[in-house]
Q: 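Before I ask anything, let me first share the structure, which is written out below as structure tokens.
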Amino acid sequence: MTSRHLVRACVAIAAALSLGAGLTACASATAAGASCDQSQKRNMGVVAGSTANAPVTSLPSSAVAQLEAVGKSNGSVTVVVPSGSPQVMGTTVIGSTAQDAVVCQNDQRTKLTQITAYINGLKASAPEVDFLGSIDQAARNLGSNPMGVLVVGSGLQTTDPLNFSASGVLYADPAQVVSDLQSRGLLPTDLKGVTVYWSGMGDVAGAQKPLTIPARSNLAAIWTAIVKAAGGTLSLLPEPASGAAASGLPSVSAVPVDAVQTKTDWTHPIVIRNSDLLFTKDTATFSDPAKAQSVLGELVPSIEQNGQQVTITGTASKDQATSNTADTALSLKRADAVKAALVKLGVPSGLLTTAGVGYDWCGWKSETDASGKYSDALAEQNRSVILTSAGVSLCS
């Protein structure tokens, strides 16, 4: 994008946010010592906007919390809509330059409300979806102390070089996907040391067939591998995206989703999110047994066809604990609850074994948000049940 286009984009996004007089979105910082501290600015890239075949964009509380942290640092956000041709909407400051502390805080709250509404109202203007290119664009203005990149969407890109609508791509080996992107020089270049916070991965609407557990698990594994290869860390935000797709949007190709029994790759772990199983907090009891049974029922044919023993491993969040003892016990109880449900659904007990690791395992992710504070929303990503076949590790 040329400097002229960047200026136009900045003016456009500022106008859309209707910022108050004297608080232009692209204004420079105030003098040192002002009540609104300008010395610790942290910026964030945002990839969001409603597209076909996905629920209407609505930032969940965990995503808003990331933006709030940016505002409190008086940083800026660069917004990109993940159309088939990424739409760079511009960069805007969502903090304040006021020299009065009360005015500063009011400005920050107002701008948080405005930027949230602005992002929720964005829509794609071109066919298909390109998350990879959009992430690359959004990460270019992060600066030396970035807050991260926030991505909202299903993750089902439908353009090259990561076209999930092509046969078999959704089930591809994550390492092979990364190798292909690396060999072509197509990984994002500005993600070193950056956390990518992703909301709504695998959640779909419209003409897109819902993802099975193995398909969702592999989709997350592919994006985790891509972000890691680019030097960053992927953090999945917990709130599922739901609801219908917006009408009248440019078309997006549907991604083929195969039946579980024909497309479960047992050479990789199968991760089941707590948001799918819905354990009651701090217990091994399903809050919605019917939903849990439906989720686990998808896996029964695949487990039986695999024919090898499957280990069910419970993992837990740390929740600022100083000992893993209680979390290990809870995660084992949850694994046992999943085993009992699968046996009830007809899986032979001899094909299943259980384990609990608490928060001490290779895939544990940080539970602090972009501002360094503990976040229960981020801790949720560590609460899961993982199925592995014989000889497969939890982080294969």
Q: With sequence neighbours excluded, tell me which residues meet ring-ring contact (aromatic ring centres under 6.0 Å, His included) with Phe286.
A: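 Partners of Phe286 by the ring-ring contact (aromatic ring centres under 6.0 Å, His included) criterion, ordered by chain and then number, come out as Phe279.
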Q: May I have all residue pairs that pass side-chain hydrogen bond (donor to acceptor under 3.5 Å, both in side chains) and include part of residues 201-215, sequence neighbours excluded?
A: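 Pairs touching residues 201-215 that pass the test: Asp203-Arg216.
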Q: Is it true that Glu128 and Thr159 share a donor-acceptor pair across their side chains at a distance under 3.5 Å?
A: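 On atom types as modelled, these side chains do not qualify, holding no pair under 3.5 Å.
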Q: Asp180: which residues meet the salt bridge (Lys or Arg N to Asp or Glu O under 4.0 Å) condition with it, sequence neighbours left out?
A: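 With neighbours one apart ignored, the set is Arg184.
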Q: Quick one: which residue pairs count as a side-chain hydrogen bond (donor to acceptor under 3.5 Å, both in side chains) with a foot in residues 384-396, not counting sequence neighbours?
A: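 Every side-chain hydrogen bond (donor to acceptor under 3.5 Å, both in side chains) pair that includes a residue of residues 384-396, provided the two are not neighbours, is Asn306-Ser389, Thr315-Ser384, Ser393-Ser396.
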Q: Scan for salt bridge (Lys or Arg N to Asp or Glu O under 4.0 Å) pairs involving residues 304-318, sequence neighbours excluded, and state none if there are none.
A: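 Found none.
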Q: Not counting sequence neighbours, list each pair that qualifies as a salt bridge (Lys or Arg N to Asp or Glu O under 4.0 Å) and has a residue in residues 55-84.
A: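 Those involving residues 55-84 are Glu68-Lys72.
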Q: Considering only distance and modelled atom types, tabulate donor-acceptor pairs under 3.5 Å from the side chains of residues 224-235, sequence neighbours left out.
A:
residue, atom, partner, partner atom, Å
Thr224, OG1, Ala220, O, 2.7
Ser235, OG, Gln381, OE1, 3.4
Ser235, OG, Gln381, NE2, 2.9

Q: With sequence neighbours left out, write down each residue that passes ring-ring contact (aromatic ring centres under 6.0 Å, His included) with Trp198, or none if nothing qualifies.
A: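 Expected list: Phe131, Trp223.
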Q: Mind checking what makes salt bridge (Lys or Arg N to Asp or Glu O under 4.0 Å) contact with Asp319, not counting sequence neighbours?
A: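 With sequence neighbours excluded, Asp319 shows a salt bridge (Lys or Arg N to Asp or Glu O under 4.0 Å) to Arg383, given in chain and number order.
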Q: Under the side-chain contact (heavy atoms from CB on, under 4.5 Å) rule, what do Leu132 and Leu181 come out as? Steps first, then yes or no, please.
A: CA-CA 11 Å; Leu132 189 66; Leu181 292 173; 4.1 Å; yes
Q: If only atom types and distance count, is the side chain of Glu239 paired as donor or acceptor with the main-chain N or O of Ser62 below 3.5 Å?
A: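 Side chain of Glu239 to backbone of Ser62: a pair is present.
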Q: Would you tabulate the side-chain donor-acceptor contacts of residues 339-358 under 3.5 Å, counting partners in other chains and residues two or more places apart, or write 'none'?
A:
residue, atom, partner, partner atom, Å
Lys339, NZ, Leu352, O, 3.3
Thr354, OG1, Asp336, OD1, 2.7

Q: Write out all pairs satisfying ring-ring contact (aromatic ring centres under 6.0 Å, His included) with one or both partners inside residues 143-185, taking only residues at least two apart or from two chains.
A: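 Listed by first then second residue: nothing to list.
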Q: Taking only residues at least two apart or on different chains, which pairs with a member in residues 365-396 satisfy disulfide bond (SG atoms under 2.5 Å apart)?
A: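 Output for this query lists Cys362-Cys395.
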